[in-house]
Peer 1: 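Pasting a structure here, questions to come.
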2 protein chains.
Amino acid sequence: MATSSAPAGACDDRKSVYLAACPCREMLDLLANKWSALTLGALEDGPQRFGALRARLQGVSPKVLTQTLRRLEEHGLVHREVFAEVPPRVEYSLTELGADACVPLAHLRSWVEQNIDRFP
Amino acid sequence: MATSSAPAGACDDRKSVYLAACPCREMLDLLANKWSALTLGALEDGPQRFGALRARLQGVSPKVLTQTLRRLEEHGLVHREVFAEVPPRVEYSLTELGADACVPLAHLRSWVEQNIDRFP
DNA sequence: GGTCATGGTATCCGTCGGGTACCAATGGTC
DNA sequence: GACCATTGGTACCCGACGGATACCATGACC
């Protein structure tokens, strides 16, 4: 629907992260982010609780982790499930879209780890 | 590999983006960044001048572009060449390392552009 | 009653992104 | 000679954001 009504030649028929007004720019900003890349990667192993994520993403503060997870949830990359227990239990998992997004992010992470010695 | 003492199966904990103290974390922070990803991608077409980059990366301010380029240069991803002319001419180009880093970043950018319609 | 665990939130602060204005240097123009 | 245009920035200012710490609510457990 969004694509069919766009006339040929219009600015939005060619999605590009290089266009400031394109939604792609916002998505790139979300994914091209340290904590997002790490969070999505951590969730590749399966659903995880807040505390477990916090332990895996060394150095992340609870506030920032919450913000990151909420932002990913808001954009449909992560699913948040709250269990009515005490102490509270919250599980985060990848959506289908999130799992797909993990592919390029995993490439980026592994490229960094494999080429870190080349950096000055 | 530089750290060849790690036995198979044993994770080389010294090279992981999930360790706060690992230099990988810093590199991920540099690459997993909106403007870095866009700048490196723009330079894939060949050396470009400051003004041309500024035009391609719609919405970037000169200060932020300068900061991004300087940071990329500092980490050996971008080469900066100043020509003693008036008006001044400065050309930015990818180093070999920068060109390699473009591969996973290009995947990320194209994934975003191809999947933008799936986002809520 | 006191303590612990969990998943956050409230608050504060420093840093940083980001925008705008402006500059240096010189060749060209009038 | 005076003035302007061009290019690649820098100076300055501001708001937003990242991030650390403190704290909370709740019930099980000692």
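Letters A, B, ... are given to chains in the order of the sequence lines, protein chains preceding strands, and every chain is numbered from 1.
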Peer 1: What are the residues of residues 66-73 of chain B, sorted by number, that bring a heavy atom to within less than 4.0 Å of DNA chain D?
Peer 2: T66(B), R70(B)
Peer 1: Measure from the side-chain N and O atoms of E44(B) to the backbone N and O of A99(B), and report whether any donor-acceptor pair falls under 3.5 Å.
Peer 2: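 Here the side-chain-to-backbone pair does not exist.
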Peer 1: In Å, rounded to the nearest 0.5 Å, how long is the span from CD of E91(A) to CD of E81(A)?
Peer 2: 6.5 Å
Peer 1: Just how far, in rounded Å, is P of dG9(D) from CD of E81(B)?
Peer 2: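 After rounding, the gap between these two atoms is 13 Å.
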Peer 1: Could you check R54(B) against V90(A) and say which one's nearest nucleotide on DNA chain C is further toward the 5' end?
Peer 2: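 First, find each residue's nearest nucleotide; the 5'-ward one identifies V90(A).
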Peer 1: By nearest heavy atom, map P62(A) and P87(A) onto DNA chain D; which one lands nearer the 5' end?
Peer 2: P62(A)
Peer 1: Determine whether K34(A) and E26(B) satisfy the following criterion, salt bridge (Lys or Arg N to Asp or Glu O under 4.0 Å), listing intermediate values before the conclusion.
Peer 2: CA-CA 9 Å; K34(A) 179 177 57 170; E26(B) 187 188 345; over 6 Å; no
Peer 1: With side chains defined as the heavy atoms from C-beta onward, is the minimum distance between H79(B) and L94(B) less than 4.5 Å?
Peer 2: no
Peer 1: Measure the distance from CD on E85(B) to P on dG28(C) and round it to the nearest whole Å.
Peer 2: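 So the two atoms are 13 Å apart, to the nearest Å.
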Peer 1: In the structure I gave you, are the side-chain heavy atoms of R80(A) and Y92(A) within less than 4.5 Å of one another anywhere?
Peer 2: yes
Peer 1: Expressed as a whole number of angstroms, how long is the span from L57(B):CG to dG17(C):P?
Peer 2: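 For the pair L57(B) CG and dG17(C) P, the rounded distance is 15 Å.
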Peer 1: Hey, can you pull the residues of residues 30-52 of chain B with a non-hydrogen atom under 4.0 angstrom from DNA chain D?
Peer 2: R49(B), F50(B), G51(B)
Peer 1: Return the CG to SG distance between L40(A) and C102(A), rounded to the nearest 0.5 Å.
Peer 2: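 It comes to 5.0 Å.
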Peer 1: Could you measure the distance from the CG atom of D100(A) to the CG atom of L105(A)? Nearest 0.5 Å is fine.
Peer 2: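 The CG atom of D100(A) sits 11.0 Å away from the CG atom of L105(A).
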Peer 1: Between Y92(B) (OH) and dT7(D) (P), how many Å, whole number?
Peer 2: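 That distance rounds to 15 Å.
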Peer 1: Starting from the C-alpha separation in whole Å, work towards a yes-or-no answer on side-chain contact (heavy atoms from CB on, under 4.5 Å) for C24(B) and L19(B).
Peer 2: CA-CA 8 Å; C24(B) 297; L19(B) 299 173; over 6 Å; no
Peer 1: For F83(B), answer base if it contacts any base atom (sugar-phosphate contacts may also be present), sugar-phosphate if it contacts only those atoms, and nothing otherwise; contact means non-hydrogen atoms under 4.0 Å.
Peer 2: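 It contacts nothing in the nucleic acid.
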Peer 1: Show me the side-chain donor-acceptor pairs of residues 65-73 of chain B shorter than 3.5 Å, one per line, residues at least two apart or across chains.
Peer 2:
| unit_1 | atom_1 | unit_2 | atom_2 | d |
| --- | --- | --- | --- | --- |
| T66(B) | OG1 | P62(B) | O | 2.9 |
| T68(B) | OG1 | V64(B) | O | 2.8 |

Peer 1: Please state how far atom CG in L65(B) lies from atom P in dG19(C), giving the value in whole angstrom units.
Peer 2: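 In whole Å, dG19(C) P lies 12 Å from L65(B) CG.
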Peer 1: NA contact type, V64(A), heavy-atom cut-off 4.0 Å: base, sugar-phosphate, or nothing?
Peer 2: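 Contact class for V64(A): base.
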Peer 1: Side chain of R80(A), heavy atoms from C-beta onward: which of dG8(C), dG8(D), dT26(D) has the nearest atom to it?
Peer 2: dG8(C)
Peer 1: Looking only at side-chain N and O atoms, does R89(A) come under 4.0 Å of OP1 or OP2 in dG27(D)?
Peer 2: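 Result: no.
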Peer 1: Rounded to whole Å, please give me the gap between CG in L53(B) and P in dT7(D).
Peer 2: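 Nearest whole value for this atom pair: 14 Å.
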